[in-house]
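If you're wondering where the values come from, they're calculated on a predicted model, not measured in any experiment. A note on names: the letters A, B, ... follow the listed sequences, proteins ahead of strands, and every chain is numbered from 1.
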2 protein chains.
Amino acid sequence: MTLAPARRDLQAALQDRGYRLTGPRKRVAEAVGRKQEDGFTAESLCAEVQDTGRATVYRTLKLLLEAGVVCKLPMPDGAPRYMLAQLEHHHHTVCVRCGAVGEFRDTTVERVVRSMGKEITGEIVGHRMEFYIICTSCKAARKA
Amino acid sequence: MTLAPARRDLQAALQDRGYRLTGPRKRVAEAVGRKQEDGFTAESLCAEVQDTGRATVYRTLKLLLEAGVVCKLPMPDGAPRYMLAQLEHHHHTVCVRCGAVGEFRDTTVERVVRSMGKEITGEIVGHRMEFYIICTSCKAARKA
DNA sequence: GAAAATATGAGACACAATATCAGTAAGTCC
DNA sequence: GGACTTACTGATATTGTGTCTCATATTTTC
Ligand SMILES: [Zn+2]
Ligand SMILES: [Zn+2]
Ligand SMILES: [Zn+2]
Ligand SMILES: [Zn+2]
């Protein structure tokens, strides 16, 4: 196993859930695996993966999302960005200019979640927290 | 001023920002004001406000959003929900079944934001935190 | 009231994403 | 391998949310 633990085998993730490991799915998974650092949009993925229908790309992306190996970030404006998940449970920073995505874990956030659980009427089934930022390279580019 | 402090005058909010207070905008603002408790979708608002074009409803909604008197919540699946803002700065709970929206304030969340500001490279321009819940009425309905 | 600025709305458009469904490819059992 | 069952694929149509256009209408200012 030469792969870093954070970069799980996307293909295996599909197989483990009882999905067939087909050619198109392999191609999508490979393309996602290549985008390790940056986030990407579903459409950019469609453009990148050759010989594969748009519907299949979207469907595979959804499977990977369910399997927890990619994350989906709603953007305040425009298409959501996807990203290969690196950490088990985490939250995100997104640059509102270039879409670069970062992950972080913060125990304080999870503490908030637990304490809110007592105050909120109803059952908490999920939570999300995002920081919208202007990343350093975008900031530098803006000055020029 | 018989209005509750949390329920700001939507019309005044538009006027304060230098926008003309026109008939269509009044109608949209009124309709939004009526939806105090629940969230709503942009399309449902279009259907509700008579004698007003869809484009104008969307435009007015955007103005109210900029003015900070309504909030927009991306849903994990489907159309974003809008809601009349009650608190100055706040976060949301959303029922994933019926879409009911609640607001809450938590100083801990804001403390997280400040502490993350030091750790994150780049300028934080916004943040969001949401709890996805199954509300008590949906839970009760499910048992039946 | 005339002129300038702004707002409106019908309809076209853009875009993301899903639904349809005939055709194809995997897995299964013999 | 061959017959069968089940799952997957992808071209296309459709939906849904939101924006753009631009001719017309309304406000505001003078
Ligand atoms: Zn992530
Ligand atoms: Zn968390
Ligand atoms: Zn709100
Ligand atoms: Zn509910």
Legend entry - Outermost DNA chain D nucleotides near chain B [under 4.0 Å, heavy atoms]: D:dT17 to D:dT28
Legend entry - All pairs passing ring pair (Phe, Tyr, Trp, His ring centres under 6.0 Å) where residues 38-83 of chain B contributes a residue, at least two apart: none
Inset, instruction - Specify the residue among B:Pro80 and B:Leu21 whose closest nucleotide of DNA chain D lies further upstream toward the 5′ end. - result: B:Pro80
Legend entry - For atom NZ of A:Lys72 and atom P of C:dT18, their distance in whole Å: 7 Å
Legend entry - Listed partners of B:Arg97 passing side chain to side chain contact (heavy atoms under 4.5 Å, CB included), at least two apart: B:Cys95, B:Ile134, B:Cys138, B:Arg142
Inset, instruction - Measure from OH on B:Tyr58 to P on C:dG11 and round the result to the nearest Å. - result: 17 Å
Inset, instruction - Report the C-alpha distance between B:Glu130 and B:His92 in whole Å, list the side-chain angles of each, state the deciding distance to 0.1 Å, and finish with yes or no for side chain to side chain donor-acceptor pair (under 3.5 Å). - result: CA-CA 5 Å; B:Glu130 272 118 41; B:His92 296 101; 4.8 Å; no
Inset, instruction - Determine, for nucleotides 5-10 of chain C in 5'-to-3' order, which nucleotides have protein heavy atoms under 4.0 Å from the base (write B), from only the sugar-phosphate (write S), or from neither (write -). - result: BBSBBB
Legend entry - Residues A:Glu110 and A:Arg105 bridged, charged N to O under 4.0 Å: no
Legend entry - Aromatic ring proximity, centroids under 6.0 angstrom, B:His91 and B:His127: yes
Legend entry - Side-chain touch B:Glu30/B:Gln11, heavy atoms, less than 4.5 angstrom: yes
Legend entry - Any residue meeting side chain to side chain contact (heavy atoms under 4.5 Å, CB included) with A:Gln15, in chain and number order, not counting sequence neighbours: A:Leu21
Inset, instruction - Kindly write out the residues that satisfy side chain to side chain contact (heavy atoms under 4.5 Å, CB included) with A:Ile120, not counting sequence neighbours, or none if the list is empty. - result: A:Met116, A:Ile124, B:Thr93, B:Phe131, B:Ile133
